[in-house]
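Here the structure comes first, spelled out in structure tokens, and everything after it is commentary.
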Amino acid sequence: MKKQTKELFLKAMHIIVKGILITPIVLFLIYEAYITENEEASMAHIPYVAIITTLCWGLIFWVFNRYKQKHYIFVMLIFLAFLQMFLFNANIKRAHQLDSCLDNGLVWDYDQHICRNDCLSWNKVQKCIPL
């Protein structure tokens, strides 16, 4: 009985530690999917969110299950696909630039795809409304 309790306690602690390690990663991935949902990333947003969702579920299942080699290979391939889109996809990069621009209180020009500090606001009809 004591051995079973000890094994159960160790397994619970193992799950808790894995959960603590995975939680910030999953939260980052959810935030990443949220900030790339804009006009600049419209062409790449659906596959990007699909990759993020698959990666999140893979990490969550890893917390509770023991993975075999094929599972690790699958999660690594999904992670590599995420990194490829995060680092090299022009639409995703532009969505990150848009988010940074708006966070800094500047105006994003959707025609020229640049961050502007000489506009009060931007709209589709009047374009850049000067200060």
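Basis for what follows: all heavy atoms, side chains included, without hydrogens, waters or symmetry-related copies.
The two residues I25 and L21 come nearest to each other via the heavy atoms CD1-O, 3.8 Å.
Residues I15 and M13 are not in side-chain contact: their nearest non-hydrogen atoms beyond the backbone lie 4.5 Å or more apart. A heavy-atom distance below 4.5 Å is found between the side chains of E32 and Y48. The shortest distance between side-chain heavy atoms of H14 and F9 does not fall below 4.5 Å.
The neighbour count for L10 CG, taken as heavy atoms of other residues, nucleotides or ligands under 6.0 Å away, is above 12. Annotation: Q69, atom CD; neighbour count of heavy atoms from other residues, nucleotides and ligands within 6.0 Å does not exceed 12.
In this structure, the separation between CG on D99 and CD on E37 is 12.0 Å, given to the nearest 0.5 Å. A distance of 10.5 Å separates OG1 of T36 from OH of Y31, quoted to the nearest 0.5 Å.
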Donor-acceptor list for residues 74-89 side chains, cut-off 3.5 Å, not counting sequence neighbours:
{"unit_1": "N89", "atom_1": "OD1", "unit_2": "N91", "atom_2": "N", "d": "2.9"}
{"unit_1": "N89", "atom_1": "OD1", "unit_2": "I92", "atom_2": "N", "d": "3.2"}

Listing, residues 54-62 side-chain donor-acceptor contacts under 3.5 Å, not counting sequence neighbours, or none:
{"unit_1": "T54", "atom_1": "OG1", "unit_2": "A50", "atom_2": "O", "d": "2.8"}
{"unit_1": "W62", "atom_1": "NE1", "unit_2": "Y72", "atom_2": "OH", "d": "3.2"}

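Each of L102, V107, L106, L98 was evaluated against C115; a single residue qualifies, L106, per the side chain to side chain contact (heavy atoms under 4.5 Å, CB included) test. Checked options V17, I16, I22; the residue passing with I20 is I16 (criterion: side chain to side chain contact (heavy atoms under 4.5 Å, CB included)).
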